Amino acid sequence: MKCPFCGHLDSKVVDSRPAEDGESIRRRRECLKCAKRFTTYETVETLPLIVVKKDGSRQSFDKDKVIKGIIHACAQRPVAMETMIQIADEVEQEAQNSMNREISAKRIGEMVMERLKKVDEVSYVRFASVYRQFKDVDSFMEELRGLMQEKMT
């Protein structure tokens, strides 16, 4: 690690501990030439996850967009913000764990709906109505019938 004070390339690690966010390691280092100390952070290198949209365009995965969609679906419902963030975290983790670096927007929507269905059915229906873009009342009612049948079994 290059010393920020003298530019020397050798240093030793004096102290190492998890950073506050738990996502990185904080290391205190000491330069072997000038003996000054400095701090570095080590994080896991993640490859970017690309979302393939319905029109074929591609963009980077944005967990904030997922959270906004979930918040919108859960508006004025008894769903804790912590639960909404947990759903987005789970979706992101599942997408990252797949071997593909690209995932369809459709798959992301399906993963959100799977989780919302277990948390709050009204929020699930709201999300599904926007996500699936129901063409008419019949297709919307068909989704509701499916939900009711699942509930009865």
Side-chain angles (χ1 to χ4, degrees), residues 1-5 11 13-29 37-153:
M1 183 64 63
K2 185 177 178 181
C3 174
F5 303 104
S11 64
V13 175
V14 179
D15 181 42
S16 184
R17 67 181 75 168
E20 289 178 19
D21 62 5
E23 302 286 323
S24 59
I25 302 289
R26 178 184 183 271
R27 299 198 192 281
R28 286 293 293 161
R29 296 177 176 271
R37 291 186 176 192
F38 57 98
T39 302
T40 60
Y41 291 89
E42 180 180 316
T43 59
V44 174
E45 181 178 35
T46 57
L47 296 172
L49 184 61
I50 303 299
V51 177
V52 181
K53 307 292 271 183
K54 198 180 340 181
D55 66 1
S57 65
R58 288 165 165 70
Q59 64 184 56
S60 295
F61 178 83
D62 184 356
K63 185 168 72 173
D64 288 339
K65 281 180 133 177
V66 175
I67 291 171
K68 286 177 189 171
I70 295 169
I71 289 171
H72 188 70
C74 295
Q76 298 180 4
R77 296 295 304 155
V79 180
M81 186 65 182
E82 190 175 274
T83 303
M84 293 183 239
I85 291 171
Q86 180 182 352
I87 290 170
D89 287 342
E90 289 173 6
V91 167
E92 180 182 37
Q93 191 64 50
E94 185 178 331
Q96 287 285 354
N97 288 345
S98 73
M99 290 302 177
N100 299 326
R101 297 302 354 136
E102 291 189 342
I103 186 167
S104 69
K106 179 180 181 180
R107 180 65 191 127
I108 291 170
E110 295 293 335
M111 290 189 290
V112 170
M113 287 191 299
E114 287 169 17
R115 288 158 176 84
L116 274 179
K117 188 184 285 189
K118 295 173 188 170
V119 171
D120 184 72
E121 291 172 342
V122 173
S123 298
Y124 162 77
V125 170
R126 286 177 176 173
F127 190 90
S129 70
V130 171
Y131 172 73
R132 293 210 172 121
Q133 298 176 338
F134 295 124
K135 305 287 185 253
D136 53 31
V137 174
D138 291 333
S139 57
F140 186 74
M141 290 303 294
E142 191 176 314
E143 183 71 29
L144 288 175
R145 278 188 215 102
L147 183 61
M148 293 301 292
Q149 282 198 341
E150 281 181 31
K151 199 173 180 180
M152 292 182 163
T153 58

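Just so you know, residue 1 is the first one in the sequence shown, and it goes up from there. Everything quoted here is computed from the prediction, not taken from an experiment.
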Item to check | Lys/Arg-Asp/Glu bridge criterion (N-O < 4.0 Å) met for Arg107, Glu114 | outcome: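 A salt bridge is present here (some side-chain N lies under 4.0 Å from a carboxylate O).
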Smallest separation among heavy atoms of [X] and [Y], with atom names:
X	Y	value
Met113	Tyr124	O-CD1, 3.4 Å
Leu116	Ala73	CD1-CB, 4.4 Å
Phe5	Arg37	CE1-O, 3.5 Å
Ile70	Ala88	CD1-N, 4.1 Å
Ser24	Tyr41	OG-CD2, 4.1 Å
Gly69	Phe127	O-CD1, 3.9 Å

Pairwise distance [atom1]([X]) to [atom2]([Y]) - rounded to 0.5 angstrom:
X	Y	atom1	atom2	answer
Glu42	Ile25	CD	CD1	6.5 Å
Arg115	Glu90	CZ	CD	5.0 Å
Glu92	Asp62	CD	CG	9.5 Å
Arg77	Thr83	CZ	OG1	13.0 Å
Lys117	Ser123	NZ	OG	13.5 Å
Ser16	Arg29	OG	CZ	8.5 Å

Item to check | side chain to side chain donor-acceptor pair (under 3.5 Å) assessment of Gln86 paired with Glu82 | outcome: CA-CA 6 Å; Gln86 180 182 352; Glu82 190 175 274; over 6 Å; no
Next on the checklist: Between Thr39 and Arg26, does the side chain to side chain contact (heavy atoms under 4.5 Å, CB included) criterion hold? Intermediate values first, please.
Outcome noted: CA-CA 7 Å; Thr39 302; Arg26 178 184 183 271; 3.8 Å; yes
Next on the checklist: Please check: side-chain N/O of Arg101 versus main-chain N/O of Met99, any donor-acceptor pairing under 3.5 Å?
Outcome noted: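 Answer holds: no.
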Item to check | Under 3.5 Å: donor-acceptor pair, side chain of Arg126, backbone of Ala75 | outcome: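 Here the side-chain-to-backbone pair exists.
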Next on the checklist: Could you go through Cys74 and Asp120, starting from their C-alpha distance and side-chain angles, then the distance that decides it, and tell me whether this counts as side chain to side chain contact (heavy atoms under 4.5 Å, CB included)?
Outcome noted: CA-CA 8 Å; Cys74 295; Asp120 184 72; 5.7 Å; no
Next on the checklist: Hydrogens and angles aside, do Asp55 and Ser57 bring a side-chain donor and acceptor to less than 3.5 Å of each other?
Outcome noted: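 Yes, side-chain donor-acceptor contact under 3.5 Å.
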Within a strict 4.5 Å, meaning less than it, do heavy atoms of the [X] and [Y] side chains meet?
X	Y	result
Gln96	Leu49	yes
Met111	Ile103	yes
Met81	Ile71	yes

Item to check | Whether over 12 other heavy atoms sit under 6.0 Å from Lys63 NZ | outcome: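 Count over threshold, so yes.
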Item to check | Test applied, side-chain contact (heavy atoms from CB on, under 4.5 Å); reference residue, Val66; option that passes from Val112, Ile85, Asp89, Val51 | outcome: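 With Val66 as partner, Val112, Ile85, Asp89, Val51 yield a single side-chain contact (heavy atoms from CB on, under 4.5 Å), made by Val112.
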